[in-house]
Amino acid sequence: MCGVSVRPRSAAAALVCLCLVLAACLAPRRAEAVGRNLRGELKRVLVLHSFGREFRPWSEYARDIKAELERQSPWPLDIQEHALLTARFNNPGPEAPFVEYLQSLYQGATPDIVLSIGAPAARFAQRYRATLFPDTPLILSAVERRLIDRADLGENDVVVAIHNDFVAAFENVLQVLPDTRSVAIIIGASPLEKFWVEEVKRELKPFAGRLEFVWYSDLSFDDILKRASTLPLHTALFWGLMSVDAAGVVHESDLALRSLHAVANAPIFSYQEPFFGDGTVGGPMQLIKDTSSRTVSAAVGILGGAKPGSINFETIGFAAPRYDWRELQRWGISESRLPPGSEILFREPNIWERYRWQILMIAAVFLVQAGLISGLLHERRRRRFAEIESRQRIAELAHANRYSAVGELTTSIAHELNQPLGSILTNAETAELLLRAASPDIKEVQQILADIRRDDQRASEVIRRLRSVLKKTPFEVKDIELNDTVREAIGLVQAVADGRRITLIYMAAATALPVRGDPIQLQQVVLNLIINAMDAIFDADSGKREVSVSTLRAGKDAEIRVVDTGPGMDVSDLANVFNPFFTTKPQGMGMGLAIVKTIIEAHHGSISAANQLAGGALFTIRLPIAR
Ligand code: ADP
């Protein structure tokens, strides 16, 4: 439209512009009307806009009225619209050319009803109705009661008047922001706006002393924006109207309000619904539907044959207060300060309202996850218990296995004990004989006593080892030195090997082999492997009779190897030797290697069985080196 932020050089130029705009607007309407006429009795409605078709607040009233009229009208409608652009000029130009234009347009084809929206359009319609449409019913809609020329109203006129209660509007400012000391009032400089400046000044006299008023009507809008961005504390802005500023620049009210809202450092108040939602705080206000419903009911009544003079409406006042939640938040206005019956609009949903499904989903995922975690923890605990339980069983089984192993060793243990005991007896008898002599050789006796002590210690050591291996202990992990543990186990079977004429060799690793484990159980592992190796050799009649045990470090593991010179294992048996109850011996139980494997796995290690190329079996154990 040619009215947007331009400075028309003259009224004549503006009029040319207006005519071009109207011609463009009318062309499609005409075609539409012809189409409708074919369908029924066409009603022609002439809408007269104040200022412009897109000028708020009236544009919103007009939009609602037209939509409602189209909806309620039982007849097809031809709505033609004209705008009084000249009303926006500080010094309005002559209206005669526009009147002539309308006259020629509607000659012989007068509309069925004329509808003016806003005060300038009402004033124009009243002034020129005798010339333009003397017998056409006229509805003066959305016009403030102070601006109606009542003397000119006739039988063919209906007024839908509104009343702007400025006192109520300013009381509202003090109600919601009681600390307000000053209000800056924005009203433009067109003739209509000048009228309102005076009216507002007059009506606000009761506030003298309570509020200081600052008038912006003599400023350009640019200056208004500058001032509004640096207002002192406890100041509010009051948005009246801005069609033309003091510099003569015309504005679209809604755009101007948005610019103001973008820079203002104070809350903006207005009493017009068309500005509500664009940055005004709210309060009691004129509602569009209050005016449009009356206007449409009057129009439909008149088009249906009702007499305009019979239609009377009370002046429409402010509706119950409405507030913009976003502005309340922005200016820290508590909802408790709002008058009773207030309505709060544009409330932004809180996080819960906005993301309810997402939150529920996340919560559900968390719950499921928590359930899974607790299930897994429970399972882990159960496993740990089962593990402890199974270790206990291993310990018991291993203990029983040790008994049987020791049983096998009984003869050689007896032999090992007999040896020192026999020596002790012989030495004791010899000492007795020496002491019976006239001059006993004390040195010799001392030597014999030392031998007796050594033999006694040997016998005690055998018993100590036996007791330690037969001790019933729970599975107990501690830091051990693997070389020593293996040496201890070998000490237990050394005598057995000697008795069976088998050479038992131990080659300990040169480096320390610290591991975490149960020493008794690891000794038992070595013991079982050596006994098996000796059994294999024992069965063999001839050949080399040797069992070799060695320890070494292999990367991050400690390794124990038990090698023998026996016949080795059948290739088909290799996969089964660790299975419980697998045995090839007539008196065997088949539990020795199964226990060995269980013990090694409880120590996080591994064991493998193989045959050596040169013959004989090779058992390899790997245990992790302790950090
Ligand atoms: P058992 O000694 O009661 O038979 P084990 O579980 O200790 O039970 O041994 C299972 C089987 O593995 C033995 O019967 C034997 O056939 C085989 N085996 C174990 N060690 C050797 C070995 N060093 N040489 C040959 N065969 C062996």
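Treat the numbers as computed from the prediction; the structure is a model and nothing was measured. Numbering of ligands and ligand atoms starts at 1, following listing order.
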Students should be able to answer this: which protein heavy-atom is nearest to atom 24 (N) of ligand 1, and at what distance?
Ala536 CB, 3.5 Å
Tyr323 versus Val176: any side-chain heavy-atom pair under 4.5 Å?
yes
Considering the heavy atoms of Gly588, write down every atom of ligand 1 situated less than 4.0 Å from one of them.
3 (O)
Is it the side chain (CB and beyond), the backbone, both or neither of Phe578 that lies under 4.0 Å from ligand 1, heavy atoms counted?
neither
Closest heavy-atom pair, Ile359 versus Ile351, reported as atoms and distance to 0.1 Å, is CD1-O, 3.8 Å
Does the ring center of Phe276 lie less than 6.0 Å from the ring center of Tyr271?
no
For atom 11 (C) of ligand 1, what's the nearest protein heavy atom and its distance?
Phe582 O, 3.8 Å
Proximal ligand 1 atoms for Gly568, defined as those under 4.0 Å from one of its heavy atoms
25 (C)
Under 4.0 Å between heavy atoms, the region of Asp564 that gets near ligand 1 turns out to be side chain
Quick test: of every protein heavy atom, which one is nearest to atom 17 (C) of ligand 1, and how far off is it to 0.1 Å?
Val577 CG1, 4.0 Å
CD of Gln175 to CD1 of Ile333: how many Å apart, nearest 0.5 Å?
10.5 Å
Suppose I only count heavy atoms of Ala533 and a 4.0 Å limit; which atoms of ligand 1 are within that range?
23 (N)
Identify, for atom 21 (C) of ligand 1, the protein heavy atom at the shortest distance, and state residue, atom and that distance.
Phe619 CE1, 4.0 Å
Of the protein's non-hydrogen atoms, which lies at the shortest distance from atom 2 (O) of ligand 1, and what is that distance?
Lys585 NZ, 2.6 Å
Under a 3.5 Å distance rule, please check whether Asn483 uses its side chain to pair with a backbone N or O of Thr511 as donor and acceptor.
yes
Atom 6 (O) of ligand 1: the protein heavy-atom neighbour that sits closest, reported with distance to 0.1 Å:
Leu593 N, 2.8 Å
Using a strict cut-off of 4.0 Å, indicate which atoms of ligand 1 neighbour a heavy atom of Thr583.
1 (P), 3 (O), 4 (O), 14 (O)
Is there a side-chain contact between Arg322 and Leu287 in this structure, where contact means two heavy atoms from C-beta onward sitting under 4.5 Å apart?
yes
What residue and heavy atom of the protein are closest to atom 14 (O) of ligand 1, and at what distance?
Thr584 N, 2.8 Å
Of Lys597, Met589, Met591, the one whose closest heavy atom lies nearest atom 3 (O) of ligand 1 is Met589
Out of Gly590, Pro580, Gly566, indicate the one that has the non-hydrogen atom closest to atom 1 (P) of ligand 1.
Gly590
Using side-chain heavy atoms (C-beta onward) and a distance below 4.5 Å, is Thr503 in contact with Arg545?
no
Contact between ligand 1 and Asn528 is defined here as a heavy atom of the residue under 4.0 Å from a ligand atom; is it met?
no
Applying the side chain to side chain contact (heavy atoms under 4.5 Å, CB included) criterion to Asn611, which one of Leu618, Asp570, Leu574 satisfies it?
Leu574
Within the 4.5 Å heavy-atom criterion, are Glu481 and Arg487 side-chain neighbours or not?
no
Going by the order shown, which atoms of ligand 1 are within less than 4.0 Å of some heavy atom of Ala617?
22 (C), 23 (N), 24 (N)
Report, in ascending order of atom number, the atoms of ligand 1 lying under 4.0 Å from any heavy atom of Met569.
25 (C), 26 (N), 27 (C)
Only one of Leu513, Thr485, Leu623 forms a side chain to side chain contact (heavy atoms under 4.5 Å, CB included) with Ile480, so which one is it?
Thr485
Under a 3.5 Å threshold, yes or no: a donor from one side chain and an acceptor from the other, between Gln419 and Arg458?
yes
Identify the closest protein heavy atom to atom 20 (N) of ligand 1: which residue and atom is it, and at what distance?
Asn532 CB, 3.4 Å
Between Lys597 and Glu601 (salt bridge meaning N to carboxylate O under 4.0 Å), is one present in this structure?
yes
